[in-house]
Asks: 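Below is a structure I'd like to ask you about.
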Amino acid sequence: MPNKKIAILGAGSWGCTLGVHLSKKGHEVRLWDLAPQVELLKEKRECLKVPGLTIPPDLEITSCREEALREAQIVVVVLPSQVVRETIRKIKEFPLPPIIVSASKGIEKVTLMTMSEVIFDVLEEKRTVVLSGPSHAEEVYRHVPTTIVASSPDEKKMKEVQEVFMTETLRVYTNPDVLGVELGGALKNIIAIAAGISDGLGFGDNTK
């Protein structure tokens with residue numbers, strides 16, 4: 001597959017990790033976030049939330065949405081769930097590619113929509129492919145064998161995202177059950193917290 005021009009919205013630990021991952025695969029990556037975060041990344045050229053994760057020189061970092069999206073063939077949304085709607089509204093005015101990858105986990109508080117539902121609600125177009133773990137950013141960066149899932153009702157787009165992200169150590173599987181994949185990614189944190197509480201209270205495996 002030819003290398004792609006990819007815009008990543010969100011420069012947190014997962015956004016930076018995916019940006020570096022895709023850049024090392026040879027894709028042309030632009031990483032966008034708000035100015036304070038961007039200035040820190042430009043100064044340090046490393047993601048402080050992922051120890052040891054350095055930003056390669058050819059990975060562009062910008063706080064300008066228009067610059068990040070210019071000629072992008074894929075947009076990857078890696079933002080906190082509660083700001084996804086606002087951000088998608090702001091980029092709607094720009095030309096957007098046929099594939100938007102939702103790598104944000106969570107459920108919108110007021111509407112109870114998943115992130116792909118939020119994106120569709122704003123754009124009114126089905127162009128989203130969900131990318132979900134569970135996975136830890138620092139382990140992906142360190143090339144610890146990891147599996148994630150690309151999910152979409154559009155098999156062609158789903159397979160394209162699989163090829164774009166897949167490496168020997170980051171294995172991407174496909175699954176057409178978008179809602180199941182999104183809810184699995186969102187609810188696993190709640191289950192983990194509940195399991196921790198159970199352990200803290202001294203209960204056993206049956207309770208957990």
Side-chain angles (χ1 to χ4, degrees), residues 8-21 31-34 37 47-51 53 75-89 99-123 126-154 157-158 161-162 165-166 169-208:
I8 296 184
L9 307 182
S13 57
W14 192 220
C16 286
T17 298
L18 290 178
V20 172
H21 171 79
L31 184 62
W32 172 89
D33 212 316
L34 300 176
Q37 175 77 352
C47 180
L48 300 180
K49 295 180 181 179
V50 184
L53 177 57
V75 172
V76 185
V77 180
V78 201
L79 295 160
S81 58
Q82 303 310 317
V83 302
V84 168
R85 180 179 295 274
E86 177 187 358
T87 304
I88 298 300
R89 278 177 179 160
I99 296 180
I100 295 178
V101 176
S102 174
S104 297
K105 294 177 184 177
I107 297 170
E108 193 174 45
K109 287 180 182 177
V110 176
T111 65
L112 300 183
M113 288 181 177
T114 64
M115 294 301 98
S116 71
E117 289 172 336
V118 169
I119 293 170
F120 174 73
D121 193 44
V122 176
L123 297 181
K126 291 186 176 179
R127 60 174 83 188
T128 307
V129 177
V130 170
L131 194 68
S132 185
S135 57
H136 290 288
E138 69 278 5
E139 293 188 7
V140 171
Y141 166 66
R142 292 191 286 110
H143 304 293
V144 175
T146 301
T147 62
I148 57 177
V149 179
S151 183
S152 171
D154 188 320
K157 291 178 180 177
M158 185 167 60
V161 169
Q162 179 187 41
F165 283 84
M166 180 106 84
T169 55
L170 183 63
R171 310 305 294 172
V172 184
Y173 294 89
T174 60
N175 188 327
D177 181 11
V178 177
L179 184 59
V181 169
E182 286 193 281
L183 290 181
L187 295 178
K188 63 95 177 173
N189 288 336
I190 298 171
I191 294 169
I193 292 170
I197 292 172
S198 178
D199 285 345
L201 291 171
F203 295 140
D205 290 338
N206 286 353
T207 309
K208 187 157 57 176

Asks: Using a 3.5 Å distance criterion without hydrogens, assess whether the side chain of Thr207 forms a donor-acceptor pair with backbone atoms of Phe203.
Replies: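 Between the backbone of Phe203 and the side chain of Thr207 there is no qualifying donor-acceptor contact (under 3.5 Å).
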
Asks: Mind checking the CZ-OG1 spacing from Arg171 to Thr147? Nearest 0.5 Å is all I need.
Replies: 10.0 Å

Asks: What is the distance from atom CH2 of Trp32 to atom CD1 of Ile8, rounded to the nearest 0.5 Å?
Replies: 13.0 Å

Asks: Identify the heavy atoms of Ser13 and Ala137 that sit nearest to each other, and give their distance.
Replies: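 So the minimum-distance heavy-atom pair works out to O-CB, 3.8 Å.
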
Asks: Are the side chains of Cys47 and Thr17 in touch, meaning some heavy atoms are under 4.5 Å apart?
Replies: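 Result no, sub-4.5 Å side-chain heavy-atom pair not found.
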
Asks: Check the pair Val77, Val84 against side-chain contact (heavy atoms from CB on, under 4.5 Å), reporting the backbone distance first and the verdict last.
Replies: CA-CA 8 Å; Val77 180; Val84 168; 4.3 Å; yes

Asks: Under the criterion side-chain contact (heavy atoms from CB on, under 4.5 Å), I'd like the reasoning laid out for Leu123 against Ile88: C-alpha separation, chi angles, the key distance, then a yes or no.
Replies: CA-CA 8 Å; Leu123 297 181; Ile88 298 300; 3.8 Å; yes

Asks: Grab the two heavy atoms, one from Gly204 and one from Ser198, that are nearest each other, plus how far apart they are.
Replies: O-OG, 4.3 Å

Asks: Of all heavy-atom pairs between Val172 and Met166, which one has the smallest distance, and what is that distance?
Replies: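 Residues Val172 and Met166, closest heavy atoms: N-SD, 3.1 Å.
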
Asks: Say you draw a straight line from CG of Asp121 to CD1 of Ile119; how long is it, rounded to the nearest 0.5 Å?
Replies: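 The CG atom of Asp121 sits 11.0 Å away from the CD1 atom of Ile119.
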
Asks: For residues Thr174 and Val149, determine if any side-chain heavy atom of one lies less than 4.5 Å from a side-chain heavy atom of the other.
Replies: no

Asks: Let me confirm one number: the CG-CG distance from Leu18 to Leu31, rounded to the nearest 0.5 Å.
Replies: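 Nearest 0.5 Å value for the CG-CG distance: 10.0 Å.
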
Asks: Taking C-beta and beyond as the side chain, do Lys105 and Ser81 meet within less than 4.5 Å on heavy atoms?
Replies: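 Result no, sub-4.5 Å side-chain heavy-atom pair not found.
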
Asks: Could you tell me whether the side chain of Ser104 and the main chain of Leu79 form a donor-acceptor pair under 3.5 Å?
Replies: yes

Asks: Which pair of heavy atoms, one from Gly15 and one from Val78, lies closest together, and at what distance?
Replies: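 Result for this residue pair: N-CG1, 3.6 Å.
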
Asks: With a 6.0 Å cut-off (strictly less than), is the heavy-atom count around NZ of Lys126, excluding the residue itself, greater than 12?
Replies: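 12 or below, so no.
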
Asks: Please test Thr114 against Leu179 for side-chain contact (heavy atoms from CB on, under 4.5 Å), starting from the C-alpha separation and ending with a verdict.
Replies: CA-CA 8 Å; Thr114 64; Leu179 184 59; 3.8 Å; yes

Asks: Roughly how far, to the nearest 0.5 Å, is OG of Ser102 from CD of Glu117?
Replies: 10.5 Å

Asks: Does the side chain of Lys49 reach to within under 4.5 Å of the side chain of Glu138, using non-hydrogen atoms?
Replies: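 No, their side chains stay 4.5 Å or more apart.
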
Asks: With a 4.5 Å cut-off on side-chain heavy atoms, are Val129 and Asp154 touching?
Replies: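 Side chain of Asp154 against side chain of Val129, heavy atoms only: no contact under 4.5 Å found.
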
Asks: So, does Ser151 use its side chain to make a donor-acceptor pair with the main chain of Asn175 at under 3.5 Å?
Replies: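 Present.
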
Asks: Is there a side-chain contact between Thr169 and Val144, using heavy atoms and a 4.5 Å cut-off?
Replies: no

Asks: Can you check side chain to side chain donor-acceptor pair (under 3.5 Å) on Ser116 and Glu182, steps first, answer last?
Replies: CA-CA 8 Å; Ser116 71; Glu182 286 193 281; 2.6 Å; yes

Asks: Are any side-chain N or O atoms of Gln82 and backbone N or O atoms of Ile107, one a donor and one an acceptor, separated by less than 3.5 Å?
Replies: yes

Asks: Could you check if a side-chain atom of Arg85 sits within less than 4.5 angstrom of a side-chain atom of Thr111, using non-hydrogen atoms only?
Replies: yes

Asks: Can you name the nearest heavy-atom pair linking Thr146 to Ser135, along with the distance?
Replies: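 Distance-wise, the nearest heavy atoms are CG2-CB, 3.7 Å.
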
Asks: Can you tell me how far CD1 of Ile100 sits from NZ of Lys157, rounded to the nearest 0.5 angstrom?
Replies: 9.0 Å

Asks: Could you report the tightest heavy-atom contact between Gly12 and Asp33, atom names first, then the distance?
Replies: N-OD2, 4.2 Å

Asks: Any side-chain heavy atom of Gln162 within less than 4.5 Å of one from Met158?
Replies: no

Asks: Look at the side chain of His21 and the backbone N and O of Tyr141, then say whether any donor-acceptor pair between them is shorter than 3.5 Å.
Replies: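 Here the side-chain-to-backbone pair does not exist.
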
